[in-house]
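Each remark here refers to the structure printed beneath this line.
To find a chain, count down the sequence lines: A is the first, B the second, and so on, and within it residues start at 1.
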Amino acid sequence: MSSNLLGGLNPDQLAAVTAPGSALVLAGAGSGKTRVLTTRIAWLIQTAQVSPMGLLAVTFTNKAAKEMLTRLSAMLPINTRGLWVGTFHGLCNRLLRAHHRDAGLPQQFQILDAADQLAAVKRLLKVLNVDTDKYEPRKVQAFINQNKEAGQRADKVEAWDPYSRRLTELFAEYDAQCNREGVVDFAELLLRSYELLARNALLREHYQTRFRHILVDEFQDTSKLQYAWLKLLAGPDTALFAVGDDDQSIYAFRGADVGNMGVFMRDMGLAEPIKLTQNYRSYSTILDAANAVISGNENRLGKDLWTDAGVGEPIRRYQASDDREEAGFVVEAIRDLHRDGLDYSDVAVLYRANAQSRAIEHALFTAGLPYRVYGGQRFFERAEIKHALAYLRLAANPEDDNAFLRVVNFPTRGIGARTLETLDAAARQGGFSLWQAACADAGKHKGLAGFVRLIEGLRAETANLPLPEVAEVGVERSGLLGHYRTEKEGERRIENLNELTNAASAFASESDDPSLTAFLAHAALEAGDYEAGASASAVQLMTVHAAKGLEFHTVFITGLEEGLFPHENALNEAGGLEEERRLMYVALTRARRRLFISHAEQRMLHGQLRYGLPSRFLEEIPAALVQSLNRRPSPAYTAPAAASVGVRVPQPSRDLPYQIGARVSHPRYGEGVVCGYQGRGAEAEILVGFPKVGDKWFILDYVKLTAC
DNA sequence: AACTCTTTAGTCGCG
DNA sequence: CTAAAGAGTT
């Protein structure tokens with residue numbers, strides 16, 4: 001019954017779920033966003049407003065798509081398999097496979113992940129004899145992706161200076177190479193799918209009439225191209241339902257355009273978004289802090305989170321002398337919490353930059369506390385897995401030059417750079433693949449002959465086998481297992497290779513297309529799954545970006561220093577500070593019950609000691625919500641003069657005779673470093689850190705210090 | 001082809 | 001500092 005389905009929703013949630021036609025839902029952190037999305041889908045289907053086939057739901061991550069499907073199948077007695085619910089990339093892949101002819105692609109096109117793409121760019125630059133000092137492969141790759149994400153082909157790029165013109169040429173050459181080889185990168189998946197719909201009216205109208213309801217999650221993260229794609233799929237009678245939070249837009253740097261929210265309202269003729277502001281996650285102290293911080297941003301649609309959960313505890317603030325001490329503080333606090341019965345996995349330690357995890361990891365490790373670091377290399381991105389997949393790709397299609405180059409001499413079989421050059425020249429001259437060149441030269445080169453025999457044997461043997469066995473045979477015949485057995489650190493890799501067979505089995509039983517091509521696409525699109533040890537009870541370490549969408553009982557936000565958070569690089573970008581502030585907002589709203597915020601006066605960064613003033617974001621949290629865990633209040637951040645924005649060290653003045661970071665000598669304690677100031681006039685004090693005795697406060701008027 | 005040395009860069013990162 | 005990539009050596 002629908003009453004059953006809609007029960008327990010608050011009025012705003014109910015309005016969102018049952019919105020007639022298109023709507024924009026401004027869903028604050030912890031406001032039940034996923035619940036609204038899934039309930040709307042279930043409600044639409046249950047009340048027969050749409051058939052499961054008339055529905056399209058898009059998310060950004062596989063995790064979000066999976067969660068939606070899981071919740072949906074709990075609400076509805078339907079098979080979720082055929083539903084068009086998935087990531088932008090996953091759905092585009094589906095579209096392109098179904099219409100590969102119209103899209104101008106081979107039906108078995110391969111998907112290049114970021115690393116594959118970079119390798120392809122490097123190969124191209126080499127072939128074209130491009131000076132890679134002037135045109136760095138990474139820059140070329142970024143140029144290509146940025147343009148594709150903006151919906152621009154090389155012939156549409158406006159390049160006025162010689163440098164951009166050359167980049168644009170390289171962009172065109174790169175696309176030509178991809179077309180020759182039948183491969184598609186992530187950005188291409190979207191652009192090609194967009195063009196397919198834009199150019200083919202019949203196809204477009206088919207999908208426009210079919211999809212009666214399109215739902216989009218995390219709408220603030222959509223790029224221009226993604227929004228254009230959505231609009232192409234939506235016909236005049238399609239309801240577009242977008243859910244997002246402009247205050248949580250933290251991915252502008254990778255093409256997300258919050259402006260899409262305003263554009264969407266205008267395009268759909270919507271007067272107001274539906275606002276979900278009741279928060280079901282945190283105590284009001286945490287929300288008040290988050291609301292106060294985010295109110296510092298000018299460009300926002302505007303909303304305040306509230307809760308009836310109660311005030312909760314004050315936010316604990318800690319000032320550490322350096323990053324090691326900060327880590328020590330975090331560890332001690334976690335120990336106490338655990339002693340009081342909190343599970344380790346209920347605690348998250350957040351930081352702005354990955355480099356900060358080292359000190360915290362070290363402290364946790366030394367203290368013997370279990371922890372897990374998010375991010376880092378994912379299963380399908382591991383070298384041994386990519387090698388094995390390359391063998392499988394060659395088994396399916398030996399003309400795959402990318403796969404060929406990856407494993408032609410791995411494990412080594414005496415095919416060096418020289419041999420490859422010959423092959424490459426022959427292939428380029430004859431206009432055929434490296435594999436064909438290799439077959440032609442197999443009589444002349446013993447190593448090549450062995451490789452050709454190996455791949456042909458693999459092809460013959462796997463031709464009629466089901467996927468899991470193809471994977472098994474591929475791993476065995478590749479010689480990778482033998483190679484890693486002789487390596488010191490090879491054990492872990494062998495485990496991963498065995499896990500690959502399991503992954504293939506799991507995929508074969510879950511997917512409705514258990515082909516090798518489908519599995520390879522799956523590997524590129526869902527590189528992160530199959531990670532072991534995810535459920536263990538461990539402290540969670542991650543960047544603030546990685547924490548988006550998650551929640552924890554207790555959260556530590558560390559490294560709250562000017563230059564680090566907000567990050568100095570962001571301060572030089574237009575809108576950078578506002579994005580950093582949204583990042584802080586995301587960090588704050590991850591906490592359900594308890595929040596610690598900390599900063600260090602100095603920290604080791606790039607092998608150098610750096611001194612950081614407390615982050616301005618600390619001062620943006622109302623003092624009444626914060627309890628300092630230090631004996632003395634820490635020196636406040638004061639906004640720097642416009643000319644010195646981004647400068648980490650304040651200029652000396654009458655009140656501050658030494659720069660922070662200056663080396664000084666004290667008659668009793670010897671040499672030290674100036675770490676901070678507090679108070680004014682006669683009460684002014686100076687904080688000096690000494691290597692042996694630690695930090696000391698001195699009355700500025702009395703202390704005898706000399707610069708050194 | 002394997003090994004060693006040097007250089008270099010270093011925000012965040014879905015698919 | 002430190003990891004990774006490129007260059008140079010054996």
Given C:dA3, is OP1 or OP2 found less than 4.0 Å from the side-chain N or O atoms of A:R358?
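Yes, within the criterion.
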Under 4.0 Å from any atom of DNA chain B, heavy atoms only: list the residues of residues 106-122 of chain A that qualify, in numerical order.
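Of all residues in residues 106-122 of chain A, none places a heavy atom under 4.0 Å from DNA chain B.
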Can you check the [X] [atom1] to [N] [atom2] distance for me, whole Å?
X: A:Q377; N: C:dA3; atom1: CD; atom2: C1'; value: 13 Å
X: A:R138; N: C:dG6; atom1: CZ; atom2: P; value: 11 Å
X: A:F410; N: B:dA1; atom1: CZ; atom2: P; value: 13 Å
X: A:H362; N: C:dT2; atom1: NE2; atom2: P; value: 11 Å

Can any side-chain N or O of [X] pair as donor or acceptor with the backbone N or O of [Y] at less than 3.5 Å?
X: A:Q356; Y: A:R352; answer: yes
X: A:D441; Y: A:A438; answer: no
X: A:R590; Y: A:V586; answer: yes
X: A:S511; Y: A:F507; answer: no

For A:I415, which contact category applies under a 4.0 Å heavy-atom criterion: base, sugar-phosphate, or nothing?
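Contact class for A:I415: sugar-phosphate only.
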Is a salt bridge present between [X] and [Y], judged by a nitrogen-to-oxygen distance below 4.0 Å?
X: A:D257; Y: A:K224; value: yes
X: A:E361; Y: A:R372; value: no
X: A:K386; Y: A:D116; value: yes

What integer number of Å spans the P atoms of C:dA4 and B:dG13?
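Each nucleotide's P atom is 16 Å from the other's.
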Treat primed atoms plus P, OP1 and OP2 as sugar-phosphate and everything else as base, then score nucleotides 2-14 of chain B 5' to 3': B for base contact with protein heavy atoms under 4.0 Å, S for sugar-phosphate contact only, - for none.
S-------BBBBB
Parallel, tilted or perpendicular, judged at 30° and 60°: which one describes the rings of A:F380 and A:H522?
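Geometry flag for A:H522 against A:F380: perpendicular rings.
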